[in-house]
2 protein chains.
Amino acid sequence: MARSDRSVLPGSTAMLVLALLKAREMYGYEIIEELEKRSNQVFQLKEGTLYPILHSLEKEKLVTARDQETPSGRKRRYYHITAAGLQALDAKKEEWQTFSQAVTAILAGA
Amino acid sequence: MARSDRSVLPGSTAMLVLALLKAREMYGYEIIEELEKRSNQVFQLKEGTLYPILHSLEKEKLVTARDQETPSGRKRRYYHITAAGLQALDAKKEEWQTFSQAVTAILAGA
DNA sequence: ATAATATACCTAGATAATCTAGGTATAAGG
DNA sequence: CCTTATACCTAGATTATCTAGGTATATTAT
């Protein structure tokens, strides 16, 4: 994310990526754009952040990857969520809900 | 926070601390307990996390500190939020809202 | 009385998430 | 043809938090 946001919430990027991949398989560059679009410009992932995350998700077998070329010749690496990835997503979503509710509870008093 | 939570949301601890201090001045150990209680055990700050945060908040002049002894002789360091701290809290709260709404938007599809 | 636990503060070094700042290569648009 | 956008990648820096210690005193249990 952009530097200013590091103070707010790192640590859930993998979850966001898995959430997008649940809908359909996507390639890295596309994920960055989609996250930006769907979050109304709030998330602006750097490539240096996303690609390592994709690689580690792949190593954990939460996603699989396949290479494909566009008709014009561009090479893309498509990522597809696995059953384990869907499970991990559910777990992370629950963690997120617990966490954000707790934050809200604390902030309510302020 | 507990290790398992590092994957979810580091980066907002200072905000939570400021939020507590808005209500009343508190000492470090008390902050840890209060955060745990008010968050229903979700936040379990380690001393090694909190004390450095308090020191940096003090250096940024978002809080001031004063030492006080209890009748029984225990030494405590009370922290009090400053005007700048209140301003910073508001800014962080807004950041948080923007961020959590964006996350919710992404997760909604999953 | 004494031992164990809780309170209350602290710091140095490790770990891990993200960013910075590069790099390569090809396609599309001016 | 030159610039910009697309598309992938990595090494090293930065930073938040944790781990794992440390000190000292008060309270509670034996």
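Chain letters run A, B, ... following the sequence lines, proteins first, then strands; residues in each count from 1.
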Novice: Run the salt-bridge test on A/Arg76 and A/Glu30 with the 4.0 Å N-O cut-off and return the result as yes or no.
Specialist: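 Here A/Arg76 does not pair with A/Glu30 in a salt bridge, since their nearest N and O are not under 4.0 Å apart.
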Novice: Taking 4.0 Å as the cut-off, does a side-chain nitrogen or oxygen of A/Thr13 come that near to OP1 or OP2 on C/dT18?
Specialist: yes
Novice: If you round to the nearest 0.5 Å, how far is CG of B/Leu18 from CD1 of A/Ile106?
Specialist: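 The distance works out to 12.5 Å.
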Novice: Strictly below 4.0 Å: does A/Arg77 bring a side-chain N or O up to OP1 or OP2 of D/dC8?
Specialist: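 Checking D/dC8 against A/Arg77, no side-chain N or O comes under 4.0 Å of OP1 or OP2.
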Novice: At a cut-off of 3.5 Å, list every protein nitrogen or oxygen paired with a nitrogen or oxygen from nucleotides 25-27 of chain C, distance to 0.1 Å.
Specialist:
from   : atom 1 : to      : atom 2 : distance (Å)
C/dT26 : O2     : A/Arg74 : NH1    : 3.3
C/dT26 : O2     : A/Arg74 : NH2    : 2.8
C/dA27 : OP1    : A/Ser72 : O      : 2.9
C/dA27 : O4'    : A/Arg74 : NH2    : 2.9

Novice: Below 4.5 Å, heavy atoms only, C-beta onward: do B/Asp67 and B/Lys75 meet side chain to side chain?
Specialist: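 No, their side chains stay 4.5 Å or more apart.
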Novice: From CG of A/Leu45 over to C1' of D/dT6, roughly how many Å is that when rounded to an integer?
Specialist: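 So the CG-C1' distance, A/Leu45 to D/dT6, works out to 17 Å.
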Novice: Just the rounded figure in Å: distance from P of C/dA17 to CG of A/Leu50.
Specialist: 15 Å
Novice: Taking only the side-chain nitrogens and oxygens of A/Tyr51, find out if one of them lies under 4.0 Å from OP1 or OP2 of D/dC8.
Specialist: yes
Novice: Strictly below 4.0 Å, heavy-atom distances to any atom of DNA chain D: list the hits from residues 19-35 of chain B, or just say none.
Specialist: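 Under 4.0 Å from DNA chain D: no residue of residues 19-35 of chain B.
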Novice: Send over the distance from B/Ile53 CD1 to C/dT11 C1', rounded to a whole Å.
Specialist: 15 Å
Novice: How many whole angstroms separate atom CD of A/Glu69 from atom P of D/dC8?
Specialist: 12 Å
Novice: In whole Å, what is the span from the CZ atom of A/Phe99 to the P atom of D/dT17?
Specialist: 9 Å
Novice: Filter on salt bridge (charged side-chain N to carboxylate O under 4.0 Å, His left out), then keep only pairs touching residues 48-60 of chain A, sequence neighbours left out; what's left?
Specialist: A/Glu58-A/Arg77
Novice: What is the distance from OH of B/Tyr79 to P of C/dA8, rounded to the nearest Å?
Specialist: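 Computing the B/Tyr79:OH to C/dA8:P distance gives 14 Å.
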Novice: A quick test of your reading: do over 12 heavy atoms of other residues, nucleotides or ligands sit less than 6.0 Å from CD of A/Glu94?
Specialist: no
Novice: Starting at atom OH of A/Tyr78, determine the distance to atom C1' of D/dA7, rounded to an integer number of angstrom.
Specialist: 11 Å
Novice: Please tell me if A/His55 has a side-chain N or O lying less than 4.0 Å from either OP1 or OP2 of D/dT10.
Specialist: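 It does, given that an N or O in the side chain of A/His55 lies less than 4.0 Å from OP1 or OP2 of D/dT10.
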Novice: Between B/His80 and B/Val63, is any pair of side-chain heavy atoms under 4.5 Å apart?
Specialist: no
Novice: Would you find more than 12 non-hydrogen atoms of other residues, nucleotides or ligands less than 6.0 Å from B/His55 atom NE2?
Specialist: yes
